[in-house]
Amino acid sequence: MADGAVYVEEDDETFDMNAYLAGATLKGDGDVLSGGTKYTDVGLLGPGDSLSLTFNIKANENASAGTHYLNLEVVGGSDMSDLNYKIPVKVDDREVRLIVDNLPGIVINEICEVSVDVVNPGSGDVTGVTVVPHGEGLSIKPEELFVGTVKAGDKATANFTLNTMDSHAGLKDVYFTTDYYNGDNKHTSISSNSGIDIVERPSLIFTNLEIIRQGERYSVSGDINNFGTTQAKNIIVSITGSDSVVPLQPYASYFVGTLEEDDFSTFELSARVESENVSSVPVLIEFRDTNNAYASVTDDIPLEESAISFSSEYSSSDTSEEMPVTYWGALSLC
């Protein structure tokens, strides 16, 4: 649909009598049509008066880009002559484009931000613009984002949150679509497919773990590292209680705070293990992403004998002293 208005004036002469208009028709050239609008028995036009006639313009899908000239025919009555005018109509076939700005090619199990630019290269504004993400085996929020109006020659940015924390390893296809209106017509544009290779490795990992046992009590300390590409906020590390594992104060939970990407912080946890069959302590890591959305990961800190060796000066029955054990392997949370 064409946007804007074209006004036609015959000359500056003003007649001293009424002019009768019998009809008006706008005829197209085959590729560009008037949409079927036709005026009949328009009526009298008095001296010094003016009249606006509105025509809907419709271009075929295969209409060539450029300027097309439509013929406006005004049929007069009585002594008024018929009038013919050439009305220029410009056809612009440039569609809205979607440019994915920062979609990574390889990601781990993490939460990151993706920006999509909605670019309008055309000569007219587009309205009602919405952007929808698509991808299987991962989560992209929000499921639909309303952008609104994108002016001619301008762009707008839609921001999405890509969550692959629960995704399995492998190549995933991701693309975006946009629906918009150009005039009264709805259009759809699709971005190019982008492949994301997911590596099953969590963004928050433990390193430099040190386990100290005193009877049934275990104290675990070490570093928590942000291996991801975005900030993790309000991090809390907690012992998850069970029938055989009881979190102990003051370190049943440990507030770490905010970790920037490639940052780390120390933590300490305590628990009482009430069964000899327990080989690990369950741990819960809770945090908020850059959009303050809640997220969590869980895993176990192993307590098996292969990870713990006691000094020969302690007997198995001696629980009066603390027995420090260092576990240097990196613990991945998945």
Side-chain angles (χ1 to χ4, degrees), residues 100-116 133-143 159-176 191-211 220-240 242 245 254 256 258-267 269 278-304 306-307 327-334:
V100 183
D101 188 33
N102 57 347
L103 187 66
I106 301 177
V107 297
I108 59 177
N109 296 132
E110 62 174 321
I111 299 174
C112 58
E113 302 301 312
V114 177
S115 298
V116 180
H134 304 268
E136 293 186 2
L138 42 80
S139 172
I140 308 178
K141 299 295 183 179
E143 297 179 353
N159 295 313
F160 295 89
T161 300
L162 175 65
N163 187 337
T164 58
M165 291 184 62
D166 297 325
S167 299
H168 297 294
L171 190 64
K172 315 294 182 182
D173 288 331
V174 176
Y175 67 96
F176 296 82
S191 71
S192 57
N193 271 22
S194 298
I196 297 180
D197 191 9
I198 297 177
V199 179
E200 285 195 60
R201 178 165 186 171
S203 60
L204 296 174
I205 61 174
F206 288 147
T207 58
N208 298 330
L209 291 174
E210 183 178 12
I211 302 173
V220 181
S221 61
D223 297 333
I224 181 171
N225 305 261
N226 184 359
F227 189 64
T229 58
T230 57
Q231 181 188 75
K233 300 186 294 185
N234 300 338
I235 300 173
I236 299 177
V237 183
S238 305
I239 296 289
T240 302
S242 65
V245 178
Y254 194 95
V256 177
T258 297
L259 287 180
E260 302 290 341
E261 58 270 27
D262 299 327
D263 196 5
F264 73 95
S265 180
T266 59
F267 75 96
L269 295 173
V278 175
S279 60
S280 61
V281 175
V283 178
L284 171 67
I285 298 181
E286 302 170 279
F287 66 98
R288 293 188 180 274
D289 63 20
T290 53
N291 291 325
N292 288 322
Y294 174 84
S296 65
V297 289
T298 58
D299 208 334
D300 297 330
I301 293 180
L303 301 178
E304 62 268 15
S306 61
Y327 177 52
W328 294 104
L331 173 65
S332 298
L333 301 180
C334 53

Rounded distance (nearest 0.5 Å) linking atom CD1 of Ile198 with atom CG of Leu171: 9.0 Å

Ser203 side, atom OG; Asn226 side, atom CG - distance, nearest 0.5 Å: 6.0 Å

Gap between atom CG of Asp223 and atom CZ of Phe206 - 0.5 Å precision: 10.0 Å

Contacts of type side-chain hydrogen bond (donor to acceptor under 3.5 Å, both in side chains), residue Asp101, not counting sequence neighbours: none

Steps toward side-chain hydrogen bond (donor to acceptor under 3.5 Å, both in side chains) verdict (Asn159, Ser115): CA-CA 5 Å; Asn159 295 313; Ser115 298; 2.9 Å; yes

Minimum heavy-atom distance Cys112-Thr229, with the two atoms named: CB-OG1, 3.8 Å

Student check: side-chain heavy atoms of Asn102 and Val114 closer than 4.5 Å: yes

Val116 and Phe160: CA distance, side-chain angles, deciding distance, side-chain contact (heavy atoms from CB on, under 4.5 Å) verdict: CA-CA 8 Å; Val116 180; Phe160 295 89; 4.2 Å; yes

Heavy-atom donor-acceptor pair, Ser296 side chain to Ile285 backbone, under 3.5 Å: no

Interatomic spacing from CD1 in Ile205 to CG in Asn225 - rounded to 0.5 Å: 5.0 Å

Short side-chain to backbone donor-acceptor contact, Thr298 and Leu284, under 3.5 Å: no

Side-chain touch Val297/Glu286, heavy atoms, less than 4.5 angstrom: no

Asn193 and Val174, any side-chain heavy atoms less than 4.5 Å apart: no

Flag side-chain contact, heavy atom, 4.5 Å: Leu138 against Leu162: yes

Partners passing side chain to side chain contact (heavy atoms under 4.5 Å, CB included) against Asn163 (at least two apart in sequence or in another chain): Ile111, Ser139, Met165

Please tabulate, for side-chain N and O atoms in residues 259-267, each donor-acceptor pair with protein atoms closer than 3.5 Å (sequence neighbours left out).
from: Glu260; atom 1: OE1; to: Gln231; atom 2: NE2; distance (Å): 3.4
from: Glu260; atom 1: OE2; to: Gln231; atom 2: NE2; distance (Å): 2.6

Spacing of Ser191 atom OG and His134 atom NE2 [to the nearest 0.5 Å]: 8.0 Å

Contact summary for Ser167 and Gly137, nearest pair of heavy atoms: OG-O, 2.6 Å

Min side-chain heavy-atom separation Val220-Leu209 under 4.5 Å: yes

Closest contact, heavy atoms only, Tyr175 versus Ser192: CB-O, 4.1 Å

Where at least one partner belongs to residues 134-143, residue pairs that pass salt bridge (charged side-chain N to carboxylate O under 4.0 Å, His left out), sequence neighbours excluded: Lys141-Glu143

Let me have the donor-acceptor pairs involving side chains of residues 232-239, under 3.5 Å, with sequence neighbours excluded, atom names and distances please.
from: Lys233; atom 1: NZ; to: Asn292; atom 2: OD1; distance (Å): 2.8
from: Ser238; atom 1: OG; to: Ser253; atom 2: OG; distance (Å): 2.9

Beyond-backbone contact of Thr161 with Ile140, side-chain heavy atoms, under 4.5 angstrom: no

Val100 and Phe176, any side-chain heavy atoms less than 4.5 Å apart: yes

Results of ring-ring contact (aromatic ring centres under 6.0 Å, His included) for His168 - residues two or more places apart only: none

Nearest heavy atoms of Ile211 and Pro302, plus distance in Å: CD1-O, 3.6 Å

Minimum heavy-atom distance Gly228-Ile108, with the two atoms named: CA-CD1, 4.2 Å

For Arg288 against Tyr294, the heavy-atom pair lying closest together: NH1-N, 3.8 Å

Spacing of CG belonging to Asn109 relative to CD belonging to Glu200, to within rounding of 0.5 Å: 6.0 Å

